[in-house]
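In the text below, chain A, chain B and the rest are named by the order of the sequence lines, each starting its count at 1.
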Amino acid sequence: MRSIIELENLHVALGGRPILKGLNGSLRGRAVGLLGPNGAGKSTLINTLLGFHAPSSGTARLFGRDIRSDIHSLRRQIGYMPENDSFIAGMSGVRFVRYMAELAGLPPNQAMERAHEAFFYVGLGEARYRDVNGYSLGMKQLAKLAQAIAHGPKLLFLDEPTNGLDPPARARMINLIREIRDTEDMHIVLSSHLLRDVEECCDEVLILKDGAVAALSNLEEERKTNKKFLELETVGAGAAFTEALEQLGCECASFGTGKYRLVLPVGIQIQQIYAVAANHHVEMRRMNYRRDSLEDIFLKAMQPAMGAA
Amino acid sequence: MAYRADELIVFENVSKFYGDVLGVNRVSLTIGPGVTSLVGPNGSGKTTLMNLMTGLIWPTKGAVRVLGLTAHDPERFFRLVGYCTQFDSFARGLTGREFVYDTLRLHGMTHKEAVERTAESLERVNMTEAADRKVAAYSKGMRQRVRLAQSISHHPRVLVLDEPLNGLDPMARAESMALFSTLGKEGMHVIISSHILHEVDRISDQVILLNSGYVVAEGQIQGVRDEVKEHPMQIMVRCSLPGLMAAKLFAQDHIMEAKLHADGRGMLIRTRDAGRFYTQLHEIVLEGDIELEAVAPADDDVNSVYQYLIGSEGATV
Amino acid sequence: MAVYKRTYKPYSGELTANWTRFAILPRYSLATLFDSKILIGLLLVSLLPFLVAATIIYLTNNPVARTLIGLRGESILSIDNRFFFQLLKIQGSLAFLITAWIGPGLVSPDLTNNALPLYLCRPFSRVEYVLGKLSVLVLLLSLVTWIPDLLLYGLQAELEGNSWFTKNLSIAGAIVLGSLLWITVQSLLALALSAWVKWRIAASGLMFAIFFVAAGFGEAFNQVLRTYWGHTINLVYLINEVWADLFGVPTAVSFSRRIGDPRSLSVPVGIAWAILLGVCGLCLLLLNRRLTAREVVR
């Protein structure tokens, strides 16, 4: 699979301060999650890939083309959903999206058609003739998504798409993102602070820290290979229960009331855990295997680097 | 749990209207110490409730008493309460430290005290290094943390937080949640409103669900779930012989439905009585002829209760 | 029967030519601007001088008509460079009103609503953005300055005959060049103010201030120091200088005409040009500073 984004020793400095310090990597996934603590350079990376900042040295490639020379024509194939509120004042929703689509190069009648389509697609069909200023927060987010996809880009940059959305609206947004991701020939870069968003949508993850790459993982592969442990939620468990488990040979970590993580040694069956629970009058409400989730990958990446990769 | 009046936040049949527009209607609540999460769609009245609690607005009807005091007694009331709003505005030209310090001086502290407390609260939110840069240069997450520092700096007993995790990266989120949890255990009343349900679920002692200005449910999440009788508990079970498991379970009458999973290794059970189900499951496992792989409640959390009680029609889009 | 599901489709159809993109801005801007009754009113008022001038030209060339309406004697006016010069001065002031009214609303809403990233993440540059916004003003102002004036030129040439057209081409040139210079200075100033001042009314006020308050200061400066260099900050004065030079009209434009009074001397035309172009350059610099996709704050 050819790579969508290639970073070649990318250095970017803003206001004299180096922000991105030599990023290297090749991103191929359908949906790439961009994670990292505040100040790690996520926004700067996105802005650089969009061509808003020029690299001070090194470069990046989108679809194999160098952003330093080709960014103007590359932008035809890019859609961007900014994190902050971004609108043209005094326009209705569909006019706004139509305007944006025309600016991206679509002929006027095509832009008109696709603007309407985009609105229906994101679920704002009813509200498309209303002034954008009057939209609620959830509607504004969807309108931003609509303007990002109306001109049919192949690469979407989504910056905190679920920001401020209440749970049903968030679920809707995530579904839309997944649908778009599954469209042929479409790629998404999702930058978010919510690990859950990234976990649900992305198959590859780029974690930045202090302007450098802290981790670049393929989530699918991680999920297949990582160690699994047992998660328990219990009612009525006490120190005796923990001891008994440890006597069986399990590594036991407890956190919160009644929540445990166990690593079972070879040969120990679930049945035995239940037997121990029965002996100690502990009710087991939840028991399941978990593999290293994104949270663990992230925390590992955040640790002071001892060759972290 | 019996608390004295001065340990509770009480809403007595409170309504708040903004002209014709409804903020909250006939709300009666009692909030004890610990962490309480406030959950609901945009426009459901969460901000109104928080503004009422922090004395920024008066109820149209009814009374709000925070630890026995009302905002009619501002000298004492406003010392008790700390509010971290969702709005991202600052006076221009300030550094983070100045922002927190100024507020403390407004509380009447001496310079020395204010400097100490400022340093303390900035340390608690991990902003000590960046404290002397201008707020305009901060990232969103840093601004969030500075606002948080300001709201805890005067050691309030009631801390109201409106979407406090907005803009924070995963580590900062975890740290903040840990901080709130600690504060809750220290006896503070911490009221958090958030859309990220699974996070607040983890540390909340109590939850309040709002929809369209009405309180839809409140209490401990397990208790709330149990009370939502129209929706029997859903529990997911994965085992080696789901058919046999289902047959054994159906022997008792609390099972309403068992839906077998397409892959033949699991099922979704709906039961009227979760307690009896677990007991029965224990026995079945100990019988030994079925290997259990996983059991997990499918809707025991705030997310699911939200879906049931508020659902998608509560959404504002 | 088939069931159609709405899915996302990338676009692979034809695209518009790159160089025409900037024209999208005026198309959309003008569509909404003409909703404003005040603007329509201003435009109509700005066309009045055109109508009056057309009448005058007609009457000048038509003795019969003159007698009909009761004017005796030879022509009331001669239609020459002075005529067009005076006309342009009037139109210039009215054009200023139009700029002050709509100029400030062109760029500041985009900055307030953070729309710049949306423009610039598309195959669209800042230059095209400025060009697009400028063309709104250039179009409207041209409609009330050199375009009607050239029509009048044509009318006069038609009515007078005698190859008046070719003999007076310098007037035509002065009309176009003079108008465009004034349009450019005003428009760039309006855009720069719109980019730096958030509040529309404040930006309009500032435009008036730059033109008139500066004039006042300039005068005061001249009075106090008994010189004429105060006129250098008076943009109205400067443009009149340039126009007078273009039209070949003697530059007795100072406010006092006493012989020997140094204030009756005028700023050299070259300097006037330089200052006006300098103002344009300054505005472009200001726009360059302000129109970025991302603010960088230290």
Side-chain angles (χ1 to χ4, degrees), chain A residues 14-17 43-44 47 50-53 71-80 82 84-91 95-96 98-108 110-111 114 117-118 120-121 132-133 144 147-154 157 176 179-180 182-186, chain C residues 4-29 31-33 35-36 102 105-129 132-133 194 198 200 291-298:
Chain A
L14 291 181
R17 273 170 45 207
S43 315
T44 310
N47 287 343
L50 287 170
F52 293 164
H53 301 307
I71 190 64
H72 204 260
S73 55
L74 274 173
R75 281 182 183 144
R76 228 298 293 151
Q77 302 186 313
I78 296 178
Y80 175 43
N84 301 321
D85 258 7
S86 290
F87 294 100
I88 309 288
M91 285 193 179
R95 194 178 168 80
F96 162 59
R98 204 180 116 208
Y99 183 43
M100 289 284 120
E102 279 198 54
L103 284 171
L106 265 59
Q110 293 273 11
R114 284 195 66 109
E117 265 175 40
F120 278 108
Y121 184 73
V132 176
N133 285 345
K144 273 194 279 177
Q147 67 77 32
I149 61 175
H151 57 286
K154 300 233 173 80
F157 285 94
L176 272 175
E179 250 183 70
I180 295 175
D182 292 337
T183 307
E184 220 180 284
D185 214 14
M186 192 60 186
Chain C
Y4 294 104
K5 184 169 189 276
R6 276 206 187 101
T7 49
Y8 174 74
K9 293 181 284 289
Y11 179 77
S12 46
E14 55 170 279
L15 298 173
T16 53
N18 269 332
W19 66 272
T20 56
R21 297 277 164 74
F22 81 94
I24 298 174
L25 267 71
R27 189 155 37 96
Y28 277 79
S29 278
T32 43
L33 279 177
D35 286 340
S36 159
I102 60 171
L106 285 176
V107 175
S108 66
D110 280 346
L111 288 175
T112 320
N113 292 316
N114 196 31
L116 259 292
L118 293 182
Y119 280 104
L120 299 176
C121 75
R122 289 170 162 71
F124 193 75
S125 66
R126 298 185 304 155
V127 170
E128 285 170 288
Y129 179 80
K133 295 288 178 184
S194 181
K198 274 199 178 140
R200 266 194 61 168
L291 294 177
T292 50
R294 275 284 174 267
E295 284 280 340
V296 180
V297 185
R298 289 292 244 115

> How far apart are the C-alpha atoms of C:Cys121 and A:Phe52, what are their side-chain angles, what is the distance that settles it, and do they pass the side-chain contact (heavy atoms from CB on, under 4.5 Å) test?
Replying inline: CA-CA 8 Å; C:Cys121 75; A:Phe52 293 164; 3.9 Å; yes
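The two atoms that bring A:His72 and C:Phe124 nearest to each other are NE2-N, 3.7 Å, heavy atoms only. Considering all non-hydrogen atoms of both residues, A:Glu102 and C:Arg21 come closest at O-CD, 4.0 Å. Closest heavy-atom contact between A:Pro153 and C:Pro10: O-CB, 4.5 Å. Between A:Ala104 and C:Pro123 the shortest heavy-atom distance is O-CG, 3.8 Å.
In this structure, chain C has a heavy atom under 4.5 Å from the backbone of A:Asp85, while its side chain stays farther away. Looking at A:Ser73, neither its backbone nor its side chain comes within 4.5 Å of chain C, counting heavy atoms on both sides. For C:Leu116, no part sits under 4.5 Å from any heavy atom of chain A, backbone or side chain. With a 4.5 Å cut-off on non-hydrogen atoms, A:Met100 touches chain C through its backbone and its side chain both. Both the backbone and the side chain of A:Pro107 come within less than 4.5 Å of a heavy atom in chain C. Contact of A:Gln77 with chain C is not made at all, since no heavy-atom distance falls under 4.5 Å. Looking at A:Arg98, both its backbone and its side chain come within 4.5 Å of chain C, counting heavy atoms on both sides.
When the side-chain hydrogen bond (donor to acceptor under 3.5 Å, both in side chains) test is applied to C:Asn114, the partners found at least two apart in sequence or on another chain are A:Ser86. Residues satisfying the ring-ring contact (aromatic ring centres under 6.0 Å, His included) criterion with C:Tyr28, sequence neighbours excluded, are A:Tyr99.
Residues C:Leu118 and A:Ile88 are not in side-chain contact: their nearest non-hydrogen atoms beyond the backbone lie 4.5 Å or more apart.
When atom types are taken as modelled, the side chain of C:Arg122 and the backbone of A:Arg76 share no donor-acceptor pair closer than 3.5 angstrom.
Each of A:Leu50, A:Leu106, A:Asn133 has some count of heavy-atom pairs under 4.5 Å with chain C, and the biggest count is that of A:Leu106. Residue with the most contacts toward chain C among A:Leu74, A:Ile71, A:Ile149: A:Ile149 (heavy-atom pairs, distance under 4.5 Å). Heavy-atom pairs under 4.5 Å with chain C peak, among A:Arg95, A:Lys144, A:Lys154, at A:Arg95.
For the atom pair CG of A:Asn84 and CG of C:Asn113, the computed distance is 12.0 Å after rounding to the nearest 0.5 Å. Taking OG1 of C:Thr16 as the start and CG of A:Leu103 as the end, the distance is 9.0 Å to the nearest 0.5 Å.
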